[in-house]
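Here's the structure, in C-alpha cells; my notes come after.
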There are 2 protein chains.
Amino acid sequence: MPARRQANGSSESIDNYLKAILTLGGPQEIRVTSTALAERLSVAPASITNMLQKLAAAERPLVEYERHRGVRLSSAGKKRALEVVRHHRLIETFLYQVLDYPIEEVHEEAERLEHFISERFEERIAAKLGHPQIDPHGHFIPTMEGHMPQQASIRLTEVLAGGTFVIHSVDDRDARTLRELEANGIKPGAKLKLKPRTPTEACSVNIGRSAKPFDLSRAMAADIRIVPVEKN
Amino acid sequence: MPARRQANGSSESIDNYLKAILTLGGPQEIRVTSTALAERLSVAPASITNMLQKLAAAERPLVEYERHRGVRLSSAGKKRALEVVRHHRLIETFLYQVLDYPIEEVHEEAERLEHFISERFEERIAAKLGHPQIDPHGHFIPTMEGHMPQQASIRLTEVLAGGTFVIHSVDDRDARTLRELEANGIKPGAKLKLKPRTPTEACSVNIGRSAKPFDLSRAMAADIRIVPVEKN
DNA sequence: TCCGATGTTTAGGTATACCTAATAAATAGG
DNA sequence: CCTATTTATTAGGTATACCTAAACATCGGA
C-alpha cells in the first residue's frame with residue numbers, strides 16, 4: 001500500500017467526506033443523503049455509496065450508514081471531522097493574521113493544508129494566535145477536545161421577523177462572492193437591520209447609515225449567518 | 001482521475017523521486033542508479049523503473065532516462081526538485097524561528113508540508129523570515145528562481161588532511177542522531193579541528209577547548225559537511 | 001394502490017503507485 | 001573471453017479512489 005502522508009491515520013479524501021457529513025448534517029446531525037454528499041464533494045453518487053460502505057465497515061467505523069437511509073457521523077468520525085474543521089479555521093486565522101494573506105485567499109490554502117498538519121503544528125499556531133475562538137470569517141473554531149462552541153446564529157435567509165443583527169459569518173467557499181459582499185459591507189461583525197418580509201419577498205438591509213435592497217439569492221448562496229442583537 | 005491536492009502540477013510521490021535524484025546525483029548531477037533510488041525511497045527497484053519510465057515519457061519530461069544507465073533530472077525536473085527543497089528548508093526555518101519548534105522535529109513536518117504549500121505561502125514565509133539563505137541545519141536554501149547557492153563545503157569523512165573547519169551542515173534525516181550530535185557540540189557554525197588521518201583511521205576532533213575521538217561511521221551516517229577556515 | 005420519477009446501489013472499469021517473481025542485461029573475476 | 005554475480009527490467013497483481021451504465025429501492029401523485 002502507498003505511504004501515508006497524513007500526520008494522522010485517515011486520508012485526505014476521507015477527511016473531506018467527514019467534513020461534508022458534518023456540515024450537511026447540521027447541528028442536529030441529521031442523516032445526510034448520498035446525493036447531497038455527491039453534490040457537495042463533486043463526486044458521482046456511486047462513489048459516495050462505495051466510500052460510505054467502507055467507512056461504515058471499518059474496524060472503528062467513522063460513520064453510521066444504512067442502505068437508502070443516509071449517513072451520520074459516528075463519534076469517532078465526528079471527532080475527526082471537528083479536528084479537520086479546527087485545523088481549517090486555525091490555518092485561515094494564521095494565514096490572515098500572521099502571514100498577511102488577503103482574506104479571499106485563506107480558504108483555498110487552508111482547504112489543502114488542513115489535512116497535513118500535525119498536532120504539534122496545530123498547537124503551535126493556536127498558541128501563537130492566543131487560542132482564538134473565531135476565524136476571520138466569524139466561524140467558531142472547534143476546541144482541542146473536539147467540541148464545537150454553540151453557535152447562537154441563524155441563516156439570514158431564515159429570518160422573516162426583521163430586526164437588528166450582527167453578521168456572524170459569511171461562508172467562504174466562493175472567493176468572488178465573498179469579496180463583493182465584503183465590498184458592500186457584508187462581513188463578520190457588521191451591524192445590519194432587516195425589514196420584516198415574507199419568504200418570497202426581496203430583503204431590505206441597512207448597513208451603517210445606508211439602506212439598500214438586498215438580493216436574497218446571493219445571501220442564500222453565500223450562507224450568511226447572523227446573531228440577533230438586543231436593542232439597548 | 002482522483003483530485004490533485006497539490007498546489008502545483010506534480011504529485012507528492014513524484015516530488016520525492018525528483019528530490020532523491022537531485023541529492024543522490026550531487027552537484028555534478030551524476031546519473032543515479034535504480035538501486036540507489038530504491039534504497040533512498042524505500043521502494044522496490046521495479047517500482048523505480050516504472051516511475052522513471054513514466055517521468056521520462058511525459059509530455060514535458062522531468063528526467064532523462066536510459067535503460068540500464070541511470071537517470072538525471074531534466075531542466076524541468078531540476079526546477080521542480082529545487083522548488084521542493086526550497087519549500088522544505090523555508091518551512092524548517094519557519095517552524096524553528098516563528099513557531100518555536102524543537103530542532104529535531106522540524107524535518108518531519110517539513111517533509112510532509114513541502115509538497116502542499118502554494119507559491120503564495122512560500123513567498124509569505126520567506127518574507128516573514130527576511131528571505132533567509134540558510135536553514136537551521138546550515139543547508140543553503142535554493143533561490144526563488146530555482147538556483148542552488150554554491151556550497152563550498154565538503155563531507156567531514158572526505159577530509160584526510162586535517163585542519164580547522166566550521167561545521168556547515170548536519171544532515172537532518174535521523175532525529176536521534178541529530179540530537180546526540182548537537183548535545184556534543186556538533187552543530188552548524190561550531191568550529192572543529194581535525195587531526196590528519198588515513199581513510200580507515202578513527203577521527204580526532206577538537207570542539208572548543210576539548211579534544212575527543214570521534215566515530216567516523218556516525219559522521220558518515222549523519223552526512224556532516226564542513227567548510228575550511230583560513231587561519232588568521 | 002400502483003406506477004413512474006427520483007434517488008441509491010451494484011457491477012464492472014480506469015489511473016496511480018506500489019508490490020513480488022521471473023527474466024534479461026551489464027559487470028567483474030578467473 | 002566467458003561465466004557468475006549483481007543490477008535492472010518486464011510481467012502480473014494489490015489497494016485506493018474515482019468513473020459510467022445498469023439494476024433496484026423509495027416515495028409521491030393519480
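Letters A, B, ... are given to chains in the order of the sequence lines, protein chains preceding strands, and every chain is numbered from 1.
OP1 or OP2 of dT9(D) has at least one side-chain nitrogen or oxygen of Thr49(B) nearer than 4.0 Å. In terms of phosphate contacts, Ser47(B) brings a side-chain nitrogen or oxygen within less than 4.0 Å of OP1 or OP2 of dC19(C). Residue Ser11(A) has a polar side-chain atom (N or O) positioned under 4.0 Å from OP1 or OP2 of dA17(D).
Nucleic acid contact class of Ser34(A) (heavy atoms, under 4.0 Å, all strands): sugar-phosphate only.
If you measure from atom CG of Leu41(B) to atom C1' of dT16(C), you get 16 Å, rounded to the nearest angstrom. In this entry the distance linking CG of Leu37(B) with C1' of dT9(D) reads 15 Å, nearest Å. In this structure, the CD atom of Glu12(A) is 17 Å from the C1' atom of dA15(D), given to the nearest Å. Spacing between atom CD1 of Ile14(A) and atom P of dC18(D) amounts to 9 Å, rounded to whole angstrom units. For the pair Tyr17(B) OH and dT16(C) P, the computed distance is 14 Å after rounding to whole Å.
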Tabulate protein N/O versus nucleotide N/O from nucleotides 23-28 of chain C, keeping only pairs under 3.5 Å, one per line.
none

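Residues from residues 50-61 of chain A placing a heavy atom under 4.0 Å of any atom in DNA chain C, listed by number, are Gln53(A). Looking at residues 76-85 of chain A, you'll see that no heavy atom sits under 4.0 Å from any atom of DNA chain D.
Looking at residues two or more places apart in sequence or on another chain, you find no salt bridge (Lys or Arg N to Asp or Glu O under 4.0 Å) involving Glu182(B). Under the side chain to side chain donor-acceptor pair (under 3.5 Å) criterion, Glu66(B) pairs with Arg31(B), not counting sequence neighbours. Residues forming a side chain to side chain donor-acceptor pair (under 3.5 Å) with Glu109(A) (at least two apart in sequence, or on another chain): Tyr101(A), Arg112(A), Ser118(B). Glu145(B) pairs by the side chain to side chain donor-acceptor pair (under 3.5 Å) definition with Thr143(B), not counting sequence neighbours. Arg72(A) is linked by a salt bridge (Lys or Arg N to Asp or Glu O under 4.0 Å) to Glu64(A), counting only residues two or more places apart in sequence or in another chain. Taking the salt bridge (Lys or Arg N to Asp or Glu O under 4.0 Å) definition, one finds that Arg120(B) meets it with Glu105(A), sequence neighbours left out. Applying the side chain to side chain donor-acceptor pair (under 3.5 Å) test to Gln53(A) and every residue at least two apart in sequence or in another chain returns nothing.
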Quick one: do Ile21(A) and Leu24(A) satisfy side-chain contact (heavy atoms from CB on, under 4.5 Å)? Show the steps, please. CA-CA 5 Å; Ile21(A) 296 166; Leu24(A) 292 173; over 6 Å; no

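When distances run from any side-chain atom of Ala46(B) to the nucleotides dA11(C), dC18(D), dT10(D), the shortest one goes to dT10(D). Listed nucleotides dT10(C), dT20(C), dA17(C) differ in distance to Ser13(B); the shortest reach to its side chain belongs to dA17(C).
Sorted by first then second residue, the salt bridge (charged side-chain N to carboxylate O under 4.0 Å, His left out) pairs that include residues 33-50 of chain B, not counting sequence neighbours, number zero. Annotation: ring pair (Phe, Tyr, Trp, His ring centres under 6.0 Å) contacts involving residues 58-90 of chain A, sequence neighbours excluded, comprise His88(A)-His107(A).
Residue Lys19(B) places its NZ atom among more than 12 non-hydrogen atoms of other residues, nucleotides or ligands, all under 6.0 Å distant.
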